[in-house]
Amino acid sequence: MVRAKFNVAEITRYGNGGGGKITLYPVIGNSIENKEFWKYTPSGKIELHIDNPHAFEEFDFGEYYIDFKRVE
């Protein structure tokens with residue numbers, strides 16, 4: 001497993017009430033932990049288009065750990 005730390009930078013609500021788009025970028029080095037994550041993941045982007053309004057509401061601005069694990 002690989003762990004990354006990303007920051008929600010953009011939240012876009014779709015006009016049809018069915019969710020929206022979440023855009024995340026790697027954290028920048030404003031803390032000791034973030035400096036370590038930034039050293040290994042200095043750039044990137046995750047963009048999620050979420051049609052489930054309940055799942056969409058779970059996101060807010062802030063930092064998130066993202067775990068990448070290969071499917072067996």
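The first residue in the sequence is number 1, and the count goes up from there. Small disclaimer: the values here were computed from a predicted structure and weren't measured.
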task: Verify ring-ring contact (aromatic ring centres under 6.0 Å, His included) between F56 and Y14, making sure each step is shown before the conclusion.
output: CA-CA 11 Å; F56 181 77; Y14 296 152; 7.5 Å; no

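Using a 4.5 Å cut-off on side-chain heavy atoms (C-beta onward), T23 and V8 make no contact. For the pair F37/V27, a side-chain contact is recorded, criterion being any heavy-atom separation below 4.5 Å from C-beta on. In this structure the side chain of K5 never reaches within 4.5 angstrom of the side chain of T41, judged on heavy atoms.
Connection of I28 to I46 is not established within any shared hydrophobic cluster, with ILVMFWY side chains joined at heavy-atom distances below 4.5 Å, either directly or through further cluster members. Hydrophobic clustering (ILVMFWY, side-chain heavy atoms < 4.5 Å, transitive): Y64 and Y40 are in distinct clusters. Residues I50 and F61 fall within the same hydrophobic cluster, defined by Ile, Leu, Val, Met, Phe, Trp and Tyr side chains chained together at heavy-atom separations under 4.5 Å.
Rounding to the nearest 0.5 Å gives a distance of 7.0 Å between CD1 of I11 and CZ of R13. Within the model, atoms NE2 of H49 and NZ of K21 stand 5.5 Å from one another, a figure rounded to the nearest 0.5 Å. Atom-to-atom distance recorded for S31:OG and E63:CD is 6.5 Å, nearest 0.5 angstrom.
Taking every heavy atom of both residues into account, P26 and G44 meet most closely at CD-O, 3.3 Å.
Residues F6 and Y65 keep their aromatic ring centres 6.0 Å or farther apart.
Taking a cutoff of 4.0 Å between a charged side-chain nitrogen and a carboxylate oxygen, E47 and K45 qualify as a salt bridge.
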